[in-house]
Every structure is written in C-alpha cells, then in structure tokens.
Amino acid sequence: MTNYNELTVPEATLIQKQLRDNIKVTPYNGPLNYIAGADISFNKFSTTVYAGIVVLEFPSLKPVGYSLVKKEVLFPYVPGFLAFREVPALMDAWTQLPVKPDILVVDGHGIAHPRRMGIATHFGVLTQQPTIGSAKKKLFGNYEEPGPEKGNYSPLTDRQGELLGYALRSKNKVKPIFVSPGHLVDVPGSLDILLRCIKGYRLPEPTRLAHNAVNQFRLNEISEGWTSLL
DNA sequence: GCGACAG
DNA sequence: ATCTTGTCGC
C-alpha cells in the first residue's frame with residue numbers, strides 16, 4: 001500500500017479518481033452471520049491514532065471480539081480526504097482479524113462523497129470487502145429532514161438527483177445519521193442492513209461498540225491486538 | 001466571492 | 001475527533 005503520509009491534497013484527489021473506477025455498488029447476496037464496526041480515536045494535537053474493529057454476531061449484535069492497533073499519522077484531517085488519515089491504521093486492524101466479517105460498517109461516508117470515495121468506499125475497494133458508511137454529519141449531497149420517528153428516512157442525492165444514500169432517524173428526536181454504500185452493497189441494501197443494527201441508540205451497534213473500544217484502548221483500559229470474547 | 005465542510 | 005458540568009426533556 002502506498003504511503004499516505006507524504007501525499008499532498010492534489011495527489012490524494014488523483015488517487016480517489018483512480019480508485020473510483022473500481023467501486024461496485026451492487027446488491028449484497030452473501031451470508032450475513034458476522035458484521036463489524038470500525039472507528040478511530042486520538043488525543044487532540046497528537047499524531048498517534050488508535051484504530052479498532054469490533055466483530056459482532058448477526059443478527060444478535062453480540063460482540064465476539066475486537067482488533068486494536070496504534071499508529072502514527074501525519075496526513076491532516078481535510079474534509080473529503082478522511083480516508084488518507086484513517087485507512088492505514090484501519091488496514092492494520094483489519095489484517096489482524098483472524099476471520100473477516102461479512103459486512104464492515106465504517107464510521108464515515110461511503111459513496112456520499114464529492115468523488116464517491118468516502119472512507120467506507122475507499123477501504124472497501126482496497127480490501128475488496130463489502131462495506132457500508134455510517135456518518136453522524138453530512139459531507140455531500142442534498143436531503144430533506146426525515147420524519148421525527150425512529151426508522152424514518154429520506155433520500156440523500158447529488159445535484160443530478162442520483163441516490164447516494166439516506167438521512168436516517170435512528171432514534172426518536174435525535175439528529176439523523178447518514179447511511180450510504182461503501183463497496184459491494186447497493187443503496188437500498190445499505191439501509192436495510194444498517195436498520196437491523198440499530199439497538200436503541202443513535203449510532204448503530206457496530207459503530208457504537210467500535211467507538212467505545214478505541215476510546216478504552218486510548219485510555220489504557222484495554223490492550224492492543226486481537227481479543228476474542230468467546 | 002460565498003457557503004459547506006465525514007473524523 | 002477531543003476537551004468538559006450542568007441542564008433540559010422524554
């Protein structure tokens with residue numbers, strides 16, 4: 001894998017344009033026995049990032065294990081280029097997984113991106129794994145505020161009206177989350193799967209548990225490596 | 001030029 | 001993203 005730390009934004013843009021030819025937004029018809037969530041945590045002003053992937057049994061959503069790694073990152077956070085900052089660390093956590101999940105939910109957008117290359121798509125294309133993007137804020141596209149009830153959603157589209165994903169009310173009276181396909185999953189499919197990951201919190205279980213894990217890791221409450229919970 | 005802007 | 005206490009509403 002190329003070294004993202006030395007890249008300039010124009011160079012990163014070129015990479016996104018090259019990778020976009022490999023994106024596959026297609027129905028996922030494989031099995032779904034395991035789903036995972038990926039997230040990153042770090043201390044403000046630090047170049048050390050704590051990455052983690054938590055694997056859950058599906059549809060019970062019970063965690064079965066987690067992979068945690070620490071890595072130095074120099075690429076800054078630039079809206080639209082999150083992947084260049086977080087993918088390298090996530091890749092290490094991914095490689096360390098003894099068994100890969102059927103679907104991976106990444107904290108960030110999939111194709112709901114100016115060049116259709118959000119972090120979930122970027123990671124999916126590089127690993128050739130089905131991924132879904134789940135973000136807490138919109139990055140790109142237009143949408144109408146979804147209804148107030150849990151489960152209500154509205155389409156997220158580009159200027160040509162093409163469907164990129166959805167704004168989803170994952171819990172009553174909370175701001176919506178944004179769901180979009182990463183790779184090897186289609187738009188409706190990404191919503192169907194994500195809806196089955198909601199457990200009463202705003203964030204879907206895979207993302208929520210991954211977020212908790214990387215924070216515990218950063219605060220030295222749990223250690224690096226692969227840990228089985230079985 | 002102005003507004004928007006994942007984590 | 002992270003830093004932080006109390007506070008308002010369901």
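Just the heavy atoms: all of them, side chains too, but no hydrogens, waters or symmetry mates, feed the values below.
- In terms of heavy-atom proximity, A/P114 sits nearest to A/L139 at CD-CD2, 4.1 Å.
- Side-chain contact between A/L19 and A/M117 is present, with heavy atoms from C-beta onward closer than 4.5 Å.
- The closest side-chain heavy-atom distance from A/E205 to A/F58 is not below 4.5 Å.
- Checking A/T48 against A/E72 by side-chain atom types alone, a donor-acceptor pair falls below 3.5 Å.
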Please produce a list of atom pairs where a protein N or O lies less than 3.5 Å from an N or O of nucleotides 2-6 of chain B.
residue, atom, partner, partner atom, Å
B/dA6, OP2, A/Y77, OH, 2.5
B/dA6, N7, A/G80, N, 2.9
B/dA6, N6, A/G80, O, 3.1
B/dA6, N6, A/F81, N, 3.3
B/dA6, N6, A/L82, N, 3.2
B/dA6, N1, A/I119, N, 3.0
B/dA6, N3, A/H109, N, 3.1

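- If you look at A/H122 and A/Y4, their ring centroids are closer than 6.0 Å.
- The interatomic distance linking A/K44 (NZ) with B/dG7 (P) rounds to 16 Å, in whole Å.
- Using cut-offs of 30° and 60° on the angle between ring planes, the pair A/F75 and A/F81 is tilted.
- Going from atom CG of A/N215 over to atom P of C/dA1 covers 9 Å, rounded to whole Å.
- The separation between A/R208 atom CZ and B/dG7 atom C1' is 19 Å, rounded to whole Å.
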In dot-bracket form, how is DNA chain C paired, counting a Watson-Crick or G-U wobble pair only if both its distances are under 3.5 Å and using | for bases paired to another strand? ..........
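- The CD1-P distance, from A/I40 to C/dT2, rounds to 11 Å in whole Å.
- Two residues, A/L219 and A/K173, neighbour DNA chain C, and the one matched to the more 5' nucleotide by heavy-atom proximity is A/L219.
- Per the geometry, CG belonging to A/N43 stands 18 Å off P belonging to B/dG7, to the nearest Å.
- Counting to the nearest Å, the C1' atom of C/dC3 and the CZ atom of A/F42 are 12 Å from each other.
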Given A/R116 and A/F140, is the side chain to side chain contact (heavy atoms under 4.5 Å, CB included) satisfied, shown in steps? CA-CA 10 Å; A/R116 306 295 183 272; A/F140 178 80; 3.6 Å; yes
Report the C-alpha distance between A/Y153 and A/R169 in whole Å, list the side-chain angles of each, state the deciding distance to 0.1 Å, and finish with yes or no for side chain to side chain contact (heavy atoms under 4.5 Å, CB included). CA-CA 6 Å; A/Y153 60 88; A/R169 191 81 63 188; over 6 Å; no
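- Taking side-chain N and O atoms only, A/R218 has a distance below 4.0 Å to OP1 or OP2 of C/dT2.
- Aromatic ring centres of A/F217 and A/Y66: separated by at least 6.0 Å.
- Listed pair A/H211 / B/dG7 fails the phosphate criterion, with no side-chain N or O lying under 4.0 Å from OP1 or OP2.
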